[in-house]
Asker: 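This is the structure, below, for whatever I ask next.
Both counts, for ligands and for their atoms, begin at 1 and track the order of listing. Start at 1 with the first residue, then count along the sequence. For clarity, every value in this text was computed on a predicted model and none was experimentally measured.
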Amino acid sequence: MSADHMKPKALKALIRTVPDFPEFGIQFRDITTLIGHPEGLMSSVYHLAELARAGGAQKIAGMEARGFIFGAAVAVALGIGFVPVRKPGKLPIKTIGIDYALEYGTDRLEMDPDAVSTGEKVVIVDDLIATGGTALATTELLRKAGAIVEHALFVIDLPDLGGAAKLRDADVMVGTLMDFEGD
Ligand code: AMP
């Protein structure tokens, strides 16, 4: 690790916790304060990029919207391409999509099927893993497009919600910079 970069413990201190957002009982871990801090942003991207490089990333995929911030920056740091995984109806071409369960109801993610090549190693980057539903759906979608998905990286893990374990069951290794227990 370069001495010039903030360490994960210092990065964790830049996360703002907002109680009862978006609903009562949720501790919202807000990255706005992290990305507004120049060294905080740069160092988060640096650590994620080192993990992505170690994972053999040939392309980075990020989920709308906060995954775009970190994912695109990691792709630039490594000099590789970025795949936006989008909310429904945003892409102007014929997409492939996946529906996935939320606590209440379902959601959907879409991507350009030509954004990855068969056998290309794609590393997923998002701000936070909670239940893992979003990352698991993204893994399935990228695999449907022909990508090899073996690594997913997050700034924040909420380990009590079991998302990382769920991804490991799908043969995806999880890397995170910090965790918040008890949520
Ligand atoms: P999940 O599919 O349950 O892993 O949820 C992942 C997505 O929901 C992440 O991309 C986060 O942006 C958002 N999210 C879930 N829980 C929280 C939380 N406590 N604080 C901030 N964002 C959250």
Side-chain angles (χ1 to χ4, degrees), residues 8-9 11-37 40-41 44-45 47-49 51-52 55 57 60-75 82-91 96-111 122-144 149-183:
K9 196 172 165 210
L11 296 175
K12 186 172 174 178
L14 293 175
I15 301 292
R16 175 168 57 194
T17 296
V18 182
D20 300 325
F21 182 88
E23 54 190 70
F24 184 77
I26 304 280
Q27 299 265 70
F28 192 84
R29 307 299 181 179
D30 184 13
I31 56 145
T32 310
T33 38
L34 172 70
I35 64 177
H37 186 287
L41 176 60
S44 305
V45 170
H47 293 301
L48 292 170
L51 293 170
I60 301 294
M63 300 81 122
E64 187 168 354
R66 279 167 275 160
F68 289 1
I69 300 165
F70 294 102
V74 168
F82 177 75
V83 182
V85 176
R86 303 224 54 180
K87 291 179 176 160
K90 300 283 187 185
L91 288 166
I96 55 170
I98 183 163
D99 296 301
Y100 63 103
L102 296 175
E103 196 177 349
Y104 304 103
T106 61
D107 215 336
R108 183 175 172 79
L109 291 170
E110 293 179 347
M111 65 173 280
V122 179
V123 172
I124 293 171
V125 174
D126 202 0
D127 68 325
L128 182 146
I129 180 162
T131 66
T134 311
L136 194 61
T138 301
T139 300
E140 287 173 23
L141 187 57
L142 288 163
R143 285 177 175 166
K144 194 152 96 175
V149 183
E150 296 171 333
H151 299 271
L153 306 175
F154 306 88
V155 177
I156 301 167
D157 182 21
L158 305 183
D160 296 3
L161 296 179
K166 200 185 283 177
L167 281 186
R168 280 193 290 271
D169 288 346
D171 297 319
V172 179
M173 280 176 265
V174 174
T176 61
L177 303 189
M178 66 188 75
D179 56 39
F180 287 90
E181 306 228 354
D183 296 280

Asker: Is the closest heavy atom of G132 to ligand 1 under 4.0 Å?
Answerer: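 In this structure, G132 qualifies as a contact of ligand 1 - some heavy atom is under 4.0 Å.
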Asker: Applying the side-chain contact (heavy atoms from CB on, under 4.5 Å) test to Y100, which of L141, T106, L136, T134 qualifies?
Answerer: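 Looking at L141, T106, L136, T134, the match for Y100 under the side-chain contact (heavy atoms from CB on, under 4.5 Å) is T134.
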Asker: For atom 12 (O) of ligand 1, which of L161, L128, D127 has the closest heavy atom?
Answerer: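 Looking at heavy atoms only, the winner is D127.
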Asker: Is D126 touching ligand 1 with its side chain, its backbone, both, or neither, if touching means heavy atoms under 4.0 Å apart?
Answerer: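 Side chain only.
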Asker: Which donor-acceptor pairs under 3.5 Å do side chains of residues 16-23 form with protein atoms, sequence neighbours excluded?
Answerer:
residue : atom : partner : partner atom : Å
R16     : NE   : D30     : OD2          : 3.0
R16     : NH2  : D30     : OD2          : 2.7
T17     : OG1  : R29     : NH1          : 2.5
D20     : OD1  : G25     : N            : 2.7

Asker: Taking both backbone and side-chain atoms of A130, is any N or O found less than 3.5 Å from an N or O belonging to ligand 1?
Answerer: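 Yes.
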Asker: Could you list the residues that satisfy salt bridge (charged side-chain N to carboxylate O under 4.0 Å, His left out) with R168, not counting sequence neighbours?
Answerer: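 Salt bridge (charged side-chain N to carboxylate O under 4.0 Å, His left out) check on R168 returns nothing, list empty.
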Asker: For atom 6 (C) of ligand 1, which candidate among T138, V18, T134 provides the closest heavy atom?
Answerer: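 It is T134 that holds the nearest heavy atom.
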Asker: At a 4.0 Å threshold, what atoms of ligand 1 neighbour a non-hydrogen atom of R66?
Answerer: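 Matching atoms, with element in brackets: 12 (O), 21 (C), 22 (N).
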Asker: From the options I129, L48, I69, V45, select the one residue that forms a side-chain contact (heavy atoms from CB on, under 4.5 Å) with V155.
Answerer: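 When I129, L48, I69, V45 are each tested with V155, the side-chain contact (heavy atoms from CB on, under 4.5 Å) holds only for L48.
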Asker: Check for a donor-acceptor pair, side chain of E181 on one end and backbone N or O of P159 on the other, with a separation under 3.5 Å.
Answerer: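 No, E181 side chain to P159 backbone: no donor-acceptor pair under 3.5 Å.
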Asker: Which heavy atom of L177 sits nearest a heavy atom of S44, and at what distance?
Answerer: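 Between these two residues, the closest heavy atoms are CD1-O, 3.8 Å.
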Asker: At under 4.0 Å between heavy atoms, is it the side chain or the backbone of I156 that contacts ligand 1, or both, or neither?
Answerer: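 For I156, no heavy atom sits under 4.0 Å from ligand 1.
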Asker: Can you give me the closest heavy-atom contact between R66 and D126, atom names plus distance?
Answerer: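 Heavy-atom minimum between the residues: C-OD1, 4.0 Å.
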Asker: Under 4.0 Å from ligand 1, counting heavy atoms only, is it the side chain of M63, its backbone, both or neither?
Answerer: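 It is neither part, as no heavy atom is under 4.0 Å.
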Asker: List every atom of ligand 1 that sits less than 4.0 Å from any heavy atom of G133, numbering the atoms from 1 in the order shown and giving each element.
Answerer: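 Counting from 1, the qualifying ligand atoms are 2 (O), 4 (O).
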Asker: Could you list which atoms of ligand 1 come closer than 4.0 Å to a heavy atom of L158?
Answerer: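 This gives 19 (N) as the contact atoms.
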